[in-house]
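What follows is a set of notes on a single structure, which appears directly below.
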There are 2 protein chains.
Amino acid sequence: MVKIVDKTKSTEENILVAAREVFMKKGFSAARMCDIAHEANINPALLHYYFRKKDKLFDIIFKQESNQFHANILSILKSDLPFFEKVRQVIDADIKKISVTPYIPMFILNEMHNNPSRNEQYAAAIPQQKEVFSVFIRLVEQEQKAGRIRQVCPKQFVISLFGMIMFPFLAQPMIQASLEVNQLQFNQIMEDRIQFIYDFFKKSLQIA
Amino acid sequence: MVKIVDKTKSTEENILVAAREVFMKKGFSAARMCDIAHEANINPALLHYYFRKKDKLFDIIFKQESNQFHANILSILKSDLPFFEKVRQVIDADIKKISVTPYIPMFILNEMHNNPSRNEQYAAAIPQQKEVFSVFIRLVEQEQKAGRIRQVCPKQFVISLFGMIMFPFLAQPMIQASLEVNQLQFNQIMEDRIQFIYDFFKKSLQIA
DNA sequence: GTCTATATATGGATAGAC
DNA sequence: GTCTATCCATATATAGAC
């Protein structure tokens, strides 16, 4: 692991950066406080001085990540762009954003799976997700009423769009192994994928 | 957790069933040997009598699951059905299979992410995956040459198909929360989804 | 605020009786 | 093969000096 310590920043900030790194790569259970301390280049005891427990530190990271995960999606959806332009921008923004920190989708979904006991924290992440889904579904319904796109189940549409965007990142190790592509080639695939998804949806939704 | 002990079966078999359950729900690191013992309704020490270490037990489960994960996909792809009938059957078989044990996709992908150190085990799962991908890609190319489907990147096609199938299971907790649907309704969505995905691909791939 | 030393808790593994 | 008791390693957490 590459140390990403910034001497100009506070210890607290360095810890948070390191914790994000370690938690995202390993998940809560496999992440070690020592790893975080090492990554942040500080004494392990300091973790407890700044953040009382591992759980507390994790909660902060999880909340941060899940909160901003679809932050700008909503602003795109609520703009007054035409429907397919919104779709295009959502695809573009999401893929470009996740490409920078490809662990986020797996991190969030995995933790939601594995630890029902920490579900209160996850609850905080839900309202935004819920809004993204409902706004998107309403948009689809509008387009269908206006006769501009084919009649498909709006729920399936939204699930599919986010699936098309997020799945490759979730399955990245398997995809790289199966297609025998390195990191660079994978990045290229994801860049190409922006256009691919857009075309795919446009073609599939057009009126017969 | 519901105990799934079968008195007629051997202790060893009961352990394997319990281990599968626990590992799939929690992943390697969060899974506890005690949980497995409890689930199998046996003494924790017996786990070590039958399987020396946690790692060994995990490897067996992982291999089993990943091996049979796409077992029948290949037989469908290699049959002499028309292309879109193959696609339909793959979607149908995959979704029905995963619905029975919805944790498998997350289990496999998550472990491939989180533990590069256990990568030798994963290597065993790759050849089949690789074959599924390459066979599928070849099929797409054939169809394109024959002018029966639109020119799209075959790699993107295969990634998309498996993404459409698997993503909902990976994101199930988030989807259920966002759409406010219970387990039953989620199952219904997945059943409807078989037809949805088929239509979606057929529509999207047809020649303009 | 940061360190060393150490306590405490957890969970994986073993020894040995039955 | 199965149990009880226990060991040991690991990791989190705290106490207290500086």
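Naming convention: chains lettered A, B, ... in sequence-line order (proteins, then strands); numbering from 1 in each chain.
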**Message:** Whole angstroms only, please: what is the CZ-C1' distance between A/F23 and D/dT12?
**Reply:** 12 Å
**Message:** Please check this pair: side chain of A/K9 against backbone of A/N14, looking for a donor-acceptor N/O pair closer than 3.5 Å.
**Reply:** no
**Prompt:** Below 6.0 angstrom between ring centroids: does that apply to B/F58 and B/F107?
**Reply:** yes
**Prompt:** So, is A/H48 close to the D/dT14 phosphate, meaning a side-chain N or O under 4.0 Å from OP1 or OP2?
**Reply:** no
**Prompt:** Are any of the side-chain heavy atoms of A/F28 and A/K54 separated by less than 4.5 Å?
**Reply:** yes
**Message:** I want to verify a distance call: between D/dA13, C/dT2, D/dT4, whose nearest atom is closest to the A/M33 side chain?
**Reply:** D/dA13
**Prompt:** What is the distance, rounded to the nearest whole Å, between atom CG of A/N14 and atom P of C/dG1?
**Reply:** 13 Å
**Item:** Under 4.0 angstrom between B/K53 side-chain N/O and C/dG12 OP1 or OP2
**Value:** no
**Prompt:** Is the backbone of A/A177 close enough, under 3.5 Å, to the side chain of B/K130 for a donor and an acceptor to pair up by distance?
**Reply:** no
**Fill in**
Of D/dT12, C/dA13, D/dT14, the nucleotide closest to the side chain of B/K54 is C/dA13
**Asked** Between B/T11 and D/dG1, does any side-chain N or O lie under 4.0 Å from OP1 or OP2?
**Response** no
**Prompt:** Does some side-chain heavy atom of A/F136 sit less than 4.5 Å from a side-chain heavy atom of A/I73?
**Reply:** no
**Request:** Could you state the atom-to-atom distance from CG of B/D55 to P of C/dG11 in whole Å?
**Result:** 16 Å
**Message:** Measuring from the side chain of A/A45 (C-beta onward, heavy atoms only), which nucleotide among D/dC3, C/dT2, C/dC3 has the closest atom?
**Reply:** C/dC3
**Request:** For B/L47 and D/dG1, give me the distance from atom CG to atom C1', rounded to whole Å.
**Result:** 13 Å
**Message:** At less than 4.0 Å, is any side-chain N or O atom of A/R32 found next to OP1 or OP2 of D/dT10? Yes or no.
**Reply:** no
**Prompt:** How is A/A37 classified with respect to the nucleic acid when contacts are heavy atoms under 4.0 Å: base, sugar-phosphate, or nothing?
**Reply:** nothing
**Request:** Check the distance between D/dT2's P and B/E12's CD and give it to me in whole angstrom.
**Result:** 10 Å
**Prompt:** Whole Å only: how far is the OH atom of B/Y49 from the P atom of C/dA13?
**Reply:** 17 Å
**Request:** Take atom CG of A/L46 and atom C1' of C/dT4, then tell me their distance rounded to the nearest Å.
**Result:** 12 Å
**Prompt:** Nearest of D/dT4, C/dA13, D/dT14 to any side-chain atom of A/R52?
**Reply:** D/dT14
**Prompt:** Can you check the B/N43 CG to D/dT6 P distance for me, whole Å?
**Reply:** 15 Å
